[in-house]
Amino acid sequence: MKEQLAQLLTDAVARLQASDALPADLAPNVMVERTRDRAHGDFASNLALTLAKPARAKPRDIAEQLVSALDTGGTVEKVEIAGPGFINFFLGPTAWHGVIADIAQAGADYGRSQLGAGQRVQVEFVSANPTGPLHVGHGRGAAYGAAVADLLAAIGYDVHREYYVNDAGRQMDILAASVYLRYLDLCGVELSFPANGYQGDYVWDIGATVHREHGERLQHPVAEVFAGVPPDEPAGGDKEAHIDGVIARIRDLLGADDYRLVFDAGLTAILHNIRQDLKEFGVEYDEWFSERALTDSSAVEVAIERLKASGHTYEDNGALWFRATDYGDEKDRVIVRDNGQTTYFASDIAYHANKLERGYDRVIDVWGADHHGYVPRVKAALTALGDDPERLDVLLVQFAVLYRGGVKVQMSTRSGEFVTLRELRREVGNDAARYFYVMRKCEQHMDFDLDLARSQSNDNPVYYVQYAHARVISVFRQLEEKGYRRDSAEGLAQLTRLTEDHEQELMINLSRYPEIVEAAAINHEPHQLPHYLRELANDFHTYYNAHTFIVEDSALRNARLELIDATRQVIANGLGLLGVSAPESM
RNA sequence: GCGCCCGUAGCUCAGCUGGAUAGAGUACCGGCUUCCGAAGCCGGGUGUCACAGGUUCGAAUCCUGUCGGGCGCGCCA
């Protein structure tokens, strides 16, 4: 509809140019938008305002000319000039009838399009270190990333969902050491647990598994484990140096194979937990990409060599640096430490180079906002490698702060005091969690009100929308109980009977759905969907209260049934994109 | 100190990429069911769009500065 009106205006401009009423060198950018206020019609264009300057004429005069040159007809009932020079289009009552048939025909596909057809896009999200269970911060990234991916898929993109598994590196070694020390404890050994170790209960569980499977075979005297290790923080030392010392000792004592065994016990247990958690949350991946695999395949070395070859590295203090400042980063970055170990950044360069090599047209990273400082260096590295950093979009998701009983819930990962995603899901349910997480745009700090999400009341927006869906189903149940049968053919043929304002309003909003999906997808703004669905549900509830659907008059009854079933379909489709269920009864 | 994000109704937030009189929910008050689910609907008012400049036909939206809040500035990941 928008396109049709824009075409009418474009034609009008051409006609005026042909008769020299407008300069021939105008390059009009014809915009037609939905009006905010129905008093301004259904659609409006600001064309006359934008042409005023280049055409050196008053906006209203141009609008007059445009309207007189306009070849209207069909569904356009009336055209008005208003305000400073807006051209307002009023459509006739039948203009929206097509929407009902479209929805009936497309069903679950209504709202989908082929806008991104032929384009491959990768969305990487969550990618939390497998050193502990997912917490509520990860939950937002999961819900947001999944929604962005699903939206892009809905408009035709070929979407690849990926989780980057940091299964290498120091944090994982700390986990392995933590598991081993808990294992020793379960062997009956007294020891003081490092301040920098992972303290969560899940580490005990993994230690217990190791103990169950291997008995006391892996045990070493505690004195040997801590032999020569620098003092821990509580003892006046450095907790980082302490844990590194412990890791080195454990590695030596266990040997490569047994160390790997303990390491993998931690990794697989936690990764399994994460996968399970996400799956239950309705978040599925196409690929779990292993950092270790990247290292093993020497991709990291290759990337480092490529950087060296590009001439953007130098050695200093025994370390290899990437000259990130050449490409706008604040400072240069170490990629190989003086001890010969590559940094996390080195892996990340290789990983991102790998992503681009895989040929995606666009690569999207969803990161926690605390990593924002990391964006320039990754883009700098890609530029230095000769890749196009514009192909990478980094979407930063701000933190979610939980409130329970009006009080902020405090969290700290390392000490193990945090609310896990699993606990959150158990408390408020998957539907409320998915919905609440994407209600805000990603750059907004979010206050997550647990009490509200949990409440089964009209305060809760999730229930409000779901209720509208269940209510439609309920009407159809009633229909049968009253001995009627739905006749879609008659309903679609009798749409002219839908003359009420509420019906008109509902149809208009149903027709907006594909535009909402498109805008939400392209702008990576899933929050548009819950806002739209809330409005749509409101239109429905209002209609429901104002008019009876199951009436004697079969033409009117069937027409109304088509309208409400179309509404049900759109709500189901919208909730589906958010990973929220559309219940038949509540 | 430098960088990124945010500042809109008492509270939580939208505001369709620069358009018309800035909107929802919530809270508060009042009304609506012999009838398809009241988990619903209707009515009632609230704004120095943080502040100050600038850009133009037109700014909550863009640019600059100030103030306030969050986050980040490791040979950690």
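Below, chain A is the first sequence line, B the second, and so on; all start at residue 1. The figures that follow rest on heavy atoms only: side chains count, while hydrogens, waters and symmetry mates do not.
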Asks: Check ring pair (Phe, Tyr, Trp, His ring centres under 6.0 Å) between A:Tyr543 and all other residues, then give those that pass, not counting sequence neighbours.
Replies: A:His547, A:Phe549
Asks: For A:His527, enumerate each residue passing the ring pair (Phe, Tyr, Trp, His ring centres under 6.0 Å) test, keeping only those at least two apart in sequence or located in another chain.
Replies: A:His531
Asks: Tell me whether the NZ or CZ atom of A:Arg512 lies within the 45° cone about the ring axis of A:Tyr532 and under 6.0 Å from its centre.
Replies: no
Asks: Between protein and nucleotides 74-77 of chain B, what N or O pairs are separated by less than 3.5 Å?
Replies:
unit_1, atom_1, unit_2, atom_2, d
B:G74, OP2, A:Lys331, NZ, 3.0
B:C75, O2, A:Asp338, N, 2.8
B:C75, O2, A:Asp338, OD1, 3.0
B:C75, N4, A:Asn317, O, 3.1
B:C76, OP2, A:Arg337, NE, 2.8
B:C76, OP2, A:Arg337, NH1, 2.2
B:C76, O2', A:Arg170, NH1, 3.1
B:A77, OP1, A:Arg337, NH2, 3.0
B:A77, OP2, A:Tyr344, N, 3.3
B:A77, O2', A:Asn129, ND2, 2.7

Asks: Please work out if A:His547 contacts a base, only the sugar-phosphate, or nothing of the nucleic acid, heavy-atom cut-off 4.0 Å.
Replies: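 It contacts base atoms.
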Asks: Please write out each protein N/O paired with an N/O of nucleotides 41-45 of chain B under 3.5 Å, distance rounded to 0.1 Å.
Replies:
unit_1, atom_1, unit_2, atom_2, d
B:C41, OP1, A:Tyr464, OH, 2.3
B:C41, OP1, A:Asn538, OD1, 3.2
B:C41, O4', A:Asn545, ND2, 2.8
B:C41, O3', A:Thr542, OG1, 3.3
B:C42, OP1, A:Thr542, OG1, 3.2

Asks: Which dot-bracket string describes RNA chain B (Watson-Crick N1-N3 plus N6-O4 or O6-N4, or G-U N1-O2 and O6-N3, all under 3.5 Å; [ ] crossing; | other strand)?
Replies: (((((((..((((.....[...)))).(((((.......))))).....(((((..]....))))))))))))....
Asks: Nearest to the side chain of A:Phe549, heavy atoms from C-beta on, is which of B:A39, B:A20, B:C36?
Replies: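 Closest of the options to the side chain of A:Phe549: B:C36.
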Asks: Quick one: sort the A:Tyr374 and A:Tyr344 rings into parallel, tilted or perpendicular, breaks at 30° and 60°.
Replies: tilted
Asks: With a 4.0 Å cutoff (strictly under), does any side-chain N or O of A:Gln398 reach OP1 or OP2 of B:C71?
Replies: no
Asks: Could you work out which one of B:C36, B:G19, B:A39 sits closest to the side chain of A:Asn46?
Replies: B:G19
Asks: Could you name each residue pair satisfying salt bridge (charged side-chain N to carboxylate O under 4.0 Å, His left out) that touches residues 537-557 of chain A, not counting sequence neighbours?
Replies: A:Arg497-A:Asp553
Asks: Can you give one letter per nucleotide of nucleotides 11-16 of chain B, going 5' to 3': B for a protein heavy atom under 4.0 Å from the base, S for sugar-phosphate only, - for none?
Replies: -SSSSB
Asks: Check every strand shown and say whether A:Ala44 touches a base, only sugar-phosphate, or nothing at a heavy-atom separation below 4.0 Å.
Replies: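 Base, at least one base atom sits under 4.0 Å.
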Asks: Of all residues at least two apart in sequence or in a different chain, which pass the side-chain hydrogen bond (donor to acceptor under 3.5 Å, both in side chains) check with A:Ser127?
Replies: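 A:Ser127 satisfies side-chain hydrogen bond (donor to acceptor under 3.5 Å, both in side chains) with A:Glu124 only.
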Asks: Can you list every side chain to side chain donor-acceptor pair (under 3.5 Å) pair that touches residues 41-50 of chain A, not counting sequence neighbours?
Replies: A:Arg38-A:Asp42
Asks: Any side chain to side chain donor-acceptor pair (under 3.5 Å) pairs touching residues 439-449 of chain A, not counting sequence neighbours?
Replies: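 Passing the test, one end in residues 439-449 of chain A: A:Gln398-A:His445.
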Asks: May I have the list of side-chain donor-acceptor pairs in residues 517-526 of chain A shorter than 3.5 Å, sequence neighbours left out?
Replies:
unit_1, atom_1, unit_2, atom_2, d
A:Asn523, ND2, A:Ala519, O, 3.0
A:Glu525, OE1, A:Gln528, NE2, 2.8

Asks: Would you name the heavy atoms of A:Pro194 and A:Gln199 that are closest together and state the gap between them?
Replies: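 Scanning both residues completely, I find the closest heavy atoms to be O-NE2, 3.6 Å.
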Asks: Does anything in residues 333-343 of chain A form a salt bridge (charged side-chain N to carboxylate O under 4.0 Å, His left out)? List the pairs, not counting sequence neighbours.
Replies: A:Asp329-A:Arg333
